[in-house]
Amino acid sequence: MQFIWGLKTVFSHLHPHHHHYHHHHHKGPKRPETDIVDDVTQLIGRTPLVYLNKVVEGCAGTIVCKLESMEPCGSIKDRVGYSMIADAEEKGLIKPGKSVLVEPTSGNTGIGLAFIAAARGYKLVLTMPASMSLERRVLLKAFGAELVLTDPDEGMRGAIIKAKEIVSNSKHAFMPQQFENEANTKIHYETTGREIWEDTGGLVDVVVCGIGTGGTAMGVGQYLKAKKPSVKMIAVEPEESNVLSGGYPGPHMIQGIGAGFIPSILDEAMLDEVIAVSSDDSIQMARQLAIKEGMLVGISSGAAVVAAIQVAKRPEYAGKMVVAIIPSFGERYLSTTLFSNLWEEVYNMPTSQ
């Protein structure tokens, strides 16, 4: 029976009744007291930590990954989608069945908003550049979201302008605005940062984290530095769009980080260091993580691990614990450059004789 008991303890800290993702009153018969949650939004958070074992040769410190790839919809943005909607509800800004949510996003935030809007009964309109993959469009529409495609040459700027236009022309529209919404930072302070602290038993020394909106770095940094002032927050950005390092915005392949501007919710004083990682190195590492560690992750996860290895190789980090945030699951990137090498290979495979 030892094994079964062991499993129970493994899962007990993943228990979905997280102190933060609260219950909602449902209509229907009374439900018995069990570990069954009321809806999918209560499955968010409490993601596990796992050591890296093979890609870390030559590291003086240990690297631990926080698997946000194991969120119910596969990315860290499940937390953000939840918190922005819950926050707006608490403030009386939106009501299910009445309000329309509008957000410019082509990425995981759109997916995080889409599954929560579906579970909660909101209409969701997402604006995005027409350059986004067909796979991404299908995924968002699968949750019932409405898509508005904008001129690809105008990038995210065009999508933002379009979203603002839709909001100004609608009566009950609300724009969460992840780059400006403090509920983004707040959820990482209340959950992500706290989980890292509790699950490492306070042993965390460094957190390495890609910067998209800056929400993760800000929230996690605020929580951990209050608990242990020596904790270092290390930001990761694309080499090709290294605005935090004083460079210029540019095109890159690390989806979800490197927006090309400094988001208003990001306070750079929270960051102890910024490491720029190239798209190529990020892609190579994401592929290695699948082959060597059995971890299927997205491109920005590769970037975080490249930076974490750089840090863990420094002599001053000998014996220290470096936590790398793994923002998303790899299956979402099948049609991207991450797996383009494999498409060619499988397409041309002969039948064995």
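Residue numbers start at 1 and run along the sequence shown. Note that these values count all heavy atoms, side chains included, but never hydrogens, waters or copies made by symmetry.
No side-chain donor-acceptor contact under 3.5 Å links Asp280 and Ser278. Between the side chains of Gln178 and Thr213, no donor N or O sits under 3.5 Å from an acceptor N or O. No side-chain N or O of Glu71 forms a donor-acceptor pair with one of Tyr82 less than 3.5 Å apart. Remark: the Tyr333 side chain and the Ser328 side chain contain an N/O donor-acceptor pair separated by less than 3.5 Å. With 3.5 Å as the limit, one finds a donor-acceptor pair spanning the side chains of Glu240 and Ser279.
Between the side chain of Asn169 and the backbone N or O of Glu165, at least one donor-acceptor pair lies under 3.5 Å. In this structure a side-chain-to-backbone donor-acceptor pair under 3.5 Å is present from Thr336 to Leu338. No side-chain donor-acceptor contact under 3.5 Å links Lys77 to the backbone of Ile111. Judged by distance alone, the side chain of Asp272 and the main-chain N or O of Met233 form a donor-acceptor pair under 3.5 Å. The backbone N or O of Ile44 lies less than 3.5 Å from no partner atom in the side chain of Asp78, so there is not a single donor-acceptor pair. No donor-acceptor pair closer than 3.5 Å links the side chain of Arg287 to the backbone N or O of Gly302. Side chain of Asn181 to main chain of Gln177: no donor-acceptor pair is present (N/O by atom type, distance under 3.5 Å, no hydrogens or angles). Of the possible polar contacts, one joining the Gln353 side chain to the Thr351 backbone as a donor-acceptor pair under 3.5 Å is found. Side-chain atoms of Glu293 come within 3.5 Å of backbone atoms of Val55 as a donor-acceptor pair (strictly under, hydrogens ignored). With Lys227 contributing its side chain and Gly202 its backbone, the two residues share no donor-acceptor pair below 3.5 Å.
Two residues are said to be in side-chain contact when any heavy atoms from C-beta on lie closer than 4.5 Å; Arg46 and Glu198 meet this criterion. In this structure, the side chains of Cys59 and Ile309 come closer than 4.5 Å at one or more pairs of heavy atoms. A 4.5 Å side-chain heavy-atom check between Leu49 and Glu195 finds every atom pair outside the cut-off. Asn108 is not listed as a side-chain neighbour of Ile76, based on a closest heavy-atom distance of 4.5 Å or more. Inter-residue side-chain proximity for Lys186 and Ser83 is flagged as unmet; no heavy-atom pair is nearer than 4.5 Å.
Within 6.0 Å of NZ in Lys54 there are 12 or fewer heavy atoms belonging to other residues, nucleotides or ligands. In the displayed structure, Glu57 atom CD is contacted under 6.0 Å by at most 12 heavy atoms of other residues, nucleotides or ligands. Residue-environment remark: CZ (Arg157) stays at or below the threshold of 12 foreign heavy atoms within 6.0 Å. Shown here is Glu268, whose CD atom has more than 12 heavy atoms of other residues, nucleotides or ligands within 6.0 Å.
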Would you give me the side-chain donor-acceptor pairs under 3.5 Å for residues 249-264, sequence neighbours excluded?
from   : atom 1 : to     : atom 2 : distance (Å)
His252 : ND1    : Ile254 : N      : 3.0
His252 : NE2    : Ile257 : O      : 3.2
His252 : NE2    : Gly258 : O      : 3.0
Ser264 : OG     : Phe179 : O      : 3.4

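Between Arg314 and Glu273, at least one side-chain N (NZ, or NE/NH1/NH2) sits under 4.0 Å from a carboxylate O, which counts as a salt bridge. The pair Glu68-Arg79 meets the salt-bridge criterion, since a charged nitrogen lies less than 4.0 angstrom from a carboxylate oxygen.
If you chain together ILVMFWY residues whose side-chain heavy atoms come under 4.5 Å of each other, Met175 ends up grouped with Val100, Val102, Val125, Val148, Ile166, Val167. Cluster note: Ile161 groups with no other residue, as no ILVMFWY side-chain heavy atom lies under 4.5 Å from it.
Atoms CZ and OG1, from Arg136 and Thr105 in turn, are 8.0 Å apart once rounded to the nearest 0.5 Å. Considering CD1 of Ile275 and CD of Gln310, their distance stands at 4.5 Å, rounded to 0.5 Å. Between atom CZ of residue Phe143 and atom CG of residue Leu113 there is a gap of 11.5 Å, rounded to the nearest 0.5 Å. In this structure, CD1 in Ile196 is found 13.0 Å from CG in Leu203, a value given to the nearest 0.5 Å. Expressed to the nearest 0.5 Å, how far CD of Glu135 lies from CZ of Arg332 amounts to 9.0 Å. The CD1 atom of Ile211 sits 11.5 Å away from the CD1 atom of Ile234 when rounded to the nearest 0.5 Å.
Not a single side-chain hydrogen bond (donor to acceptor under 3.5 Å, both in side chains) links Lys320 to another residue, sequence neighbours left out. Annotation: side-chain hydrogen bond (donor to acceptor under 3.5 Å, both in side chains) contacts of Lys141 (sequence neighbours excluded): none. Not counting sequence neighbours, Lys232 has no partner by the side-chain hydrogen bond (donor to acceptor under 3.5 Å, both in side chains) test.
The cluster map of Ile, Leu, Val, Met, Phe, Trp and Tyr, joined by side-chain heavy atoms under 4.5 Å apart, puts Leu101 and Ile160 in different clusters. Neither Leu271 nor Ile265 shares a network with the other; the hydrophobic side chains, linked directly or stepwise wherever heavy atoms of I, L, V, M, F, W or Y lie under 4.5 Å apart, form separate groups for each.
When all heavy atoms of Val305 and Cys65 are compared, the pair lying nearest together is CG2-SG, 4.3 Å.
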